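As the structure is a computational prediction, the values presented were derived from the model and not from experiment. No hydrogens, no waters, no symmetry mates; every other heavy atom, side chains included, goes into these values. Lettering follows sequence order; numbering is per chain, from 1.
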Number of protein chains: 2
Amino acid sequence: MAFRPIHTRRAFEEICDRIREQLALGVLKPGDKLPPERDLAQQLGVSRNVLREALRSLEMAGVLRLQKGVKGGAFVQQGDTSRMNVVMRDMLSLGTISIRELSEARVQVLDLVVRLACANARQSDFEALQANVERTELFTREGRLLERVECAREFYKLLAIACGNKVIAMITDAVTEIHMRFVYAKVASSGVAMARLVERRKQFLAALRERNAAAAARLMRGHLGAVQKMLEQDPGAMSLQIALAEMKPGMK
Amino acid sequence: MAFRPIHTRRAFEEICDRIREQLALGVLKPGDKLPPERDLAQQLGVSRNVLREALRSLEMAGVLRLQKGVKGGAFVQQGDTSRMNVVMRDMLSLGTISIRELSEARVQVLDLVVRLACANARQSDFEALQANVERTELFTREGRLLERVECAREFYKLLAIACGNKVIAMITDAVTEIHMRFVYAKVASSGVAMARLVERRKQFLAALRERNAAAAARLMRGHLGAVQKMLEQDPGAMSLQIALAEMKPGMK
DNA sequence: TTCCATTGAATGGGTGATCCATTTAATAAT
DNA sequence: ATTATTAAATGGATCACCCATTCAATGGAA
């Protein structure tokens, strides 16, 4: 018989829960401002320090933004879809999930994404992807490989958006972000880069425009396999630790 | 031209990042204990209050557990896969995603899960699912409907585990948790319940055992559709707010 | 009047000292 | 040997400050 550890209820947890409850009930909405720390602390009957522990946690969770100055305060945010990426990173760092599992999941999720995008993509989605491929082409011509990696990151984001479902998009982003760090680190360290990337993108986009899910999915699977192979080429011997720890600016 | 808001760097963020960096680098591993707050604060050159803001945030993120008493301290945890559920809940509360998107995503994810489970499930997975169906049968016979809902929640968890990929399992859990709250609230308020649930489960499990992905996926789709229809039956007029705010014990 | 510099209040950011509550190990009493 | 007591370590929480930033109000100069 195993007992789950008791979680002694602490003030800051209670506060977080109450604020989240107000959010769930719709009493608090994005854009709203909470009372000043000093007031709210008094209302809740806790010290300002404890209240701040709660506010900080909610800020880290992407629920609040704290802003200084008169007219500042704690503002309810629009949901930050990148919080899921942080969860994924933590799981990897802690060894709860493995790179292999993440890659596998990514392949499966992208397969789904491609099929959904084929079914649901709008003209504007195609145009955004088209523009992305053109930028990729530019960077390829000019040998700006690291910028091309950023382009690739954006490509998957646009593809996920083309599904027309923000939940799927969020999930896709979460399983893609770490992977792109690896690619970035690989390209930065070894200078190698995917051959015929633009060609592949164009083929893929053509299949997508024809809404040919089977062909698009096949092309995507093939591409992912090729990228995987490139990553596994020894030189550089990518390390999980390095890729995770190296926080490139703008890579939140 | 739009500028991203500058994020003034605050001490607690810096601390969180440094600790996460140590995790990513493998310097800190699950089970490790951080120095006592008083020591660590001094090492980092910050006040204990600020350090605590950081530790609290990391605790909320499921990275640390803080334990009182001599021999207590801040311990690095195994990754908590339920953190993704919290993100999903926040996104819903904040209106970043909709129930409709979540349901759609769930249908798609479960389709994938069923196929993967067909391919990868082991004997032990079948046995766990079998045992779950038997409990479902018991609760059905005895009219313990709310416990049966808990059983259903477990069913999807087991199915996700049968995929053999923890990332997929985590995602599945995240898209399933909210849904099961709705079902719970519906059953609790109206007393209605899915007809022929056990029969459906048995059929599904049989298809899974035969590793007949097409049949299993078809059965799952049918079942999800039926459940959706049940939820949409007016009486009770389920409210997102209520389902989200009502925190049933054990539903973390 | 219009514009710009000054100023002051509101608010989050951060500090240090202090006490409480819980947990555990060492110690003492039975 | 067993049990009760005690003391130390550690997180939980409070209080009283002070600093830095922001912005609106004020007031003087053009």
Atom pair distance, as rounded to whole Å: CG in B/N49 and C1' in C/dG12: 14 Å

Value in whole Å for how far the C1' atom of C/dT11 lies from CZ of A/F75: 10 Å

Please tell me which of the listed nucleotides, D/dG12, C/dG13, D/dC23, lies nearest to the side chain of B/L66? D/dG12

Contacts of B/R122 that satisfy salt bridge (Lys or Arg N to Asp or Glu O under 4.0 Å) - sequence neighbours left out: none

Less than 4.0 angstrom from a charged side-chain N to a carboxylate O is my criterion; do B/E37 and B/R52 meet it? yes

Could you check which of D/dT14, D/dA13, C/dA21 has an atom nearest any side-chain atom of A/V46? D/dT14

What's the CD-C1' distance between A/E59 and C/dT11, to the nearest Å? 14 Å

For residues 127-135 of chain B, tabulate all N or O donor-acceptor pairs below 3.5 Å that involve a side-chain atom, not counting sequence neighbours.
| unit_1 | atom_1 | unit_2 | atom_2 | d |
| --- | --- | --- | --- | --- |
| B/Q130 | OE1 | B/R209 | NH1 | 2.9 |
| B/Q130 | NE2 | B/E134 | OE2 | 3.2 |
| B/N132 | ND2 | B/C151 | O | 3.0 |
| B/R135 | NH1 | B/E154 | OE1 | 3.0 |

Judged by nearest nucleotide, the residue sitting upstream toward the 5' end of DNA chain D, A/V70 or B/V70, is B/V70

Rounded to whole angstrom units, what separation is found between the CD atom of A/Q67 and the P atom of D/dT22? 8 Å

Mapping A/R48 and B/G73 onto DNA chain D by nearest heavy atom, which one lands closer to the 5' end? B/G73

A/R18: salt bridge (Lys or Arg N to Asp or Glu O under 4.0 Å) partners, not counting sequence neighbours: A/E14

Atom pair distance, as rounded to whole Å: CZ in A/R52 and C1' in D/dA16: 14 Å

Across all chains, not counting sequence neighbours, the salt bridge (Lys or Arg N to Asp or Glu O under 4.0 Å) partners of A/R83 are none

D/dT22, C/dG13, C/dA17: which one has an atom nearest the side-chain heavy atoms of B/R10? C/dG13

Looking at DNA chain C, which of residues 35-43 of chain B put a heavy atom within less than 4.0 Å of it? B/R38

Pair up each side-chain donor or acceptor in residues 160-174 of chain A with any protein partner under 3.5 Å, not counting sequence neighbours, and list the distances.
| unit_1 | atom_1 | unit_2 | atom_2 | d |
| --- | --- | --- | --- | --- |
| A/N165 | OD1 | A/V167 | N | 2.8 |
| A/N165 | OD1 | A/I168 | N | 3.1 |
| A/N165 | ND2 | B/E101 | O | 2.9 |
| A/N165 | ND2 | B/E104 | OE1 | 3.4 |
| A/T172 | OG1 | A/I168 | O | 2.6 |
| A/D173 | OD1 | A/K157 | NZ | 3.4 |
| A/D173 | OD2 | A/K157 | NZ | 3.3 |

